[in-house]
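Below is one structure, written out as structure tokens; the observations come after it.
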Amino acid sequence: MESFVYITVKLVTAMVGLWLITRILGKKEISQLTAFDFVSSLMLSEIVGNTLYDKDISLMELLYALVLWTLMAIFLEKLVQFIPGMSKYLNGRAEIIISHGKIDFRAMKRNNLDFDQLHTLLREQNIFTVREVAFAVFETNGSISVMKNSSEESVTRKDLGLHDKPLSLPMVIVENGRVQRDRLARLGRDEQWLVGELKKQGINRIQDILYMEWSENDGMYIQTKNEQS
């Protein structure tokens, strides 16, 4: 019975302690967590998880661990304020992935980001084609911030009295010089068609293409490897 009471006391203490730490260090949504915030959260869970059911660790030792970790986190945050250059080592730094409508493949590799992940992040911003993007910044929390091209106005076709335009989902068919044959097949085309279309654009080698997407409405969007920002 005593062990249950002791565990309950430790559990309540841990909950109150974590609540106080959250109030002191500030609240953030999960999507806003930086790399350091994420590590801090893991460390706190380890501290609480490993001490909560361990009879050899007293209540005072649990409180000491929570207080010590809080002081260390506060110290590091204050240190970053006095030495701003440390922030990029603790939290990383935002990086431009698309600049002036061109994908920076080197920046993608530095951030371990592939084209599928880039497309997912863009779709989360309701952007289904790279041709709409003027600038895209990969944030330290893993999200992406996008500035659209000025031509992508918010005026609707209904505002202009125009008829509805048939929609088609853009399909990426070349990534870093490699043909995505399954997507090409879904379009009902083959590599011979692709080579012919590229020759019309003055491109003789598929290997020279960094990124190419096709839309039934808008046709091809191509960026060659020598066009990286």
Side-chain angles (χ1 to χ4, degrees), residues 30-31 35 92 94-229:
I30 297 298
S31 61
E95 190 155 11
I96 298 175
I97 300 295
I98 300 177
S99 178
H100 299 288
K102 301 299 181 184
I103 298 171
D104 189 336
F105 190 59
R106 289 183 291 271
M108 287 179 59
K109 289 197 293 185
R110 282 195 298 271
N111 290 277
N112 298 316
L113 193 66
D114 61 34
F115 283 104
D116 285 337
Q117 292 169 327
L118 176 61
H119 298 150
T120 299
L121 292 169
L122 289 175
R123 287 194 295 270
E124 289 175 352
Q125 301 293 325
N126 291 322
I127 296 174
F128 290 84
T129 172
V130 172
R131 71 184 84 202
E132 293 182 13
V133 180
F135 294 93
V137 179
F138 190 56
E139 305 291 358
T140 56
N141 59 13
S143 65
I144 195 169
S145 300
V146 177
M147 178 185 291
K148 289 187 176 183
N149 289 313
S150 58
S151 59
E152 300 298 327
E153 300 173 349
S154 58
V155 178
T156 65
R157 298 179 65 85
K158 184 177 180 181
D159 293 332
L160 301 175
L162 300 175
H163 295 295
D164 289 343
K165 180 182 179 182
L167 297 177
S168 64
L169 192 65
M171 189 81 70
V172 180
I173 52 180
V174 179
E175 294 179 354
N176 195 26
R178 292 189 292 270
V179 178
Q180 306 300 307
R181 292 182 175 83
D182 56 332
R183 299 172 188 170
L184 196 60
R186 266 184 271 166
L187 290 172
R189 267 90 171 185
D190 54 24
E191 287 193 46
Q192 186 176 355
W193 168 85
L194 176 60
V195 170
E197 291 296 317
L198 291 176
K199 286 184 177 179
K200 293 177 184 178
Q201 304 293 326
I203 300 173
N204 296 318
R205 290 176 6 114
I206 294 175
Q207 292 79 3
D208 294 333
I209 297 174
L210 176 66
Y211 178 89
M212 172 188 166
E213 68 179 33
W214 169 264
S215 167
E216 295 293 345
N217 293 332
D218 302 313
M220 281 188 176
Y221 175 83
I222 301 173
Q223 180 184 332
T224 59
K225 291 181 179 179
N226 59 12
E227 290 182 290
Q228 293 188 61
S229 57

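By convention here, the first residue in the shown sequence is residue 1. This one's a predicted model, so the numbers in the text were calculated from it and none came from an experiment.
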Give, for atom CG of Asp208 and atom CD of Gln223, the distance between the pair rounded to the nearest 0.5 Å. 13.0 Å
Can you tell me how far apart CD1 (Ile144) and CD1 (Ile127) are? Round to the nearest 0.5 Å. 8.0 Å
Considering non-hydrogen atoms only, spot the tightest contact between Gly101 and Val130 and give its length. O-CG1, 4.5 Å
Show the atom names and distances, to 0.1 Å, of all donor-acceptor pairs under 3.5 Å that link a side chain in residues 173-181 to residues at least two apart or in another chain.
unit_1 : atom_1 : unit_2 : atom_2 : d
Glu175 : OE2    : Arg183 : NH1    : 3.0
Gln180 : NE2    : Arg178 : O      : 3.4
Arg181 : NE     : Glu191 : OE2    : 2.6
Arg181 : NH2    : Glu191 : OE2    : 3.0

Any side-chain heavy atom of Asp218 within less than 4.5 Å of one from Thr129? no
With rounding to the nearest 0.5 Å, note down the distance linking CD in Glu139 to CD1 in Ile97. 10.0 Å
Point-to-point distance, once rounded to the nearest 0.5 Å, from NZ of Lys200 to CE of Met220: 8.0 Å
To the nearest 0.5 Å, how far apart are CD in Gln201 and CD1 in Ile209? 9.5 Å
Tell me the closest heavy-atom pair linking Val146 and Gln125, and the distance in Å. CG2-CG, 4.1 Å
Would you give the length of the straight line joining atom CZ of Phe138 to atom OG of Ser143, rounded to the nearest 0.5 angstrom? 8.0 Å
Leu198 versus Ile222: any side-chain heavy-atom pair under 4.5 Å? yes
Could you tell me which residues satisfy ring-ring contact (aromatic ring centres under 6.0 Å, His included) with Phe135, sequence neighbours excluded, listed by chain and number? His100
Answer whether the closest heavy-atom distance between the side chains of Pro170 and Arg131 falls below 4.5 Å. no
Is the ring pair Phe115/Phe105 parallel, tilted or perpendicular, if the boundaries are 30 and 60 degrees? parallel
So do the side chains of Trp214 and Leu187 get within less than 4.5 Å of each other, counting heavy atoms only? yes
Closest non-hydrogen atom pair, Gln117 against Asn112: OE1-O, 3.3 Å
Is there a side-chain contact between Asp104 and Ile96 in this structure, where contact means two heavy atoms from C-beta onward sitting under 4.5 Å apart? no
